[in-house]
Amino acid sequence: MDNKTLSIVSYITVFGWLVSFILGKEKPNSLLKYHLKQSLGLVIFSIALSIIINILFIVTSLGILGILGFLPLILAIVGIINAANEVEKPLPIIGKMFEDKFSFIG
């Protein structure tokens with residue numbers, strides 16, 4: 001797979017990220033490294049958001065909070081579109097936080 005395809009796959013679940021990370025080690029470029037960082041940040045954000053929503057739901061019993069659960073899906077779609085267009089653009093809301101993190105990626 002080429003780096004553009006690996007960049008797209010990195011946004012599709014944690015397993016997609018692992019596949020992209022392992023296969024991309026052979027010939028990584030800046031596009032793949034950037035989207036690996038963004039998608040890993042999205043995974044971390046998704047886990048944290050899920051925990052926060054569950055705690056708030058238990059405390060407040062507001063079912064409307066569940067709509068926030070769609071935010072990671074929307075951000076993943078934006079990331080896939082950016083990767084398909086070969087653009088190194090940060091994800092809305094959370095992208096700037098993860099641009100310079102995860103030094104093990106490259």
Problem set entry | Side-chain touch Leu91/Ile94, heavy atoms, less than 4.5 angstrom |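 Yes; the side chains approach each other to less than 4.5 Å.
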Problem set entry | Ile93 side chain reached by Leu71 side chain, heavy atoms, under 4.5 Å |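 Touching, per the 4.5 Å side-chain cut-off.
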Would you give the length of the straight line joining atom [atom1] of [X] to atom [atom2] of [Y], rounded to the nearest 0.5 angstrom?
X     : Y     : atom1 : atom2 : value
Ile80 : Ser7  : CD1   : OG    : 11.0 Å
Tyr34 : Lys89 : OH    : NZ    : 10.0 Å
Phe98 : Ser39 : CZ    : OG    : 11.0 Å
Lys33 : Leu6  : NZ    : CG    : 13.5 Å
Leu68 : Ser50 : CG    : OG    : 11.5 Å
His35 : Leu40 : NE2   : CG    : 14.0 Å

Does [Y] offer a backbone N or O that forms a donor-acceptor pair with the side chain of [X] under 3.5 Å?
X     : Y     : answer
Gln38 : Pro90 : no
Asn3  : Lys27 : yes
Lys4  : Ala84 : yes

Exercise. Considering the options Leu49, Ile55, Asn54, which one meets the side chain to side chain contact (heavy atoms under 4.5 Å, CB included) requirement together with Ile51?
Worked result: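 Of all the options given, the one that passes is Ile55.
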Problem set entry | Heavy-atom pair of closest approach, residues Leu31 and Glu88 |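 Residues Leu31 and Glu88, closest heavy atoms: N-OE2, 3.3 Å.
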For this session: Specify the closest pair of heavy atoms between Ile12 and Ile8, including all atoms of both residues, with the distance to one decimal.
Result: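 Here Ile12 and Ile8 meet closest at CG1-O, 3.9 Å.
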Do [X] and [Y] sit in one hydrophobic cluster, given that two such residues count as connected whenever their side-chain heavy atoms are within less than 4.5 Å of each other, even indirectly?
X     : Y     : value
Tyr11 : Ile81 : no
Val78 : Leu36 : yes
Ile77 : Val43 : no
Leu42 : Phe15 : no

For this session: Kindly determine whether Leu75 and Phe45 satisfy side chain to side chain contact (heavy atoms under 4.5 Å, CB included), including the steps that lead there.
Result: CA-CA 10 Å; Leu75 293 175; Phe45 172 75; 4.0 Å; yes
Exercise. Would you say Ile67 has more than 12 foreign heavy atoms packed within less than 6.0 Å of its CD1?
Worked result: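 No - once you tally the heavy atoms of other residues, nucleotides and ligands closer than 6.0 Å, there are 12 at most.
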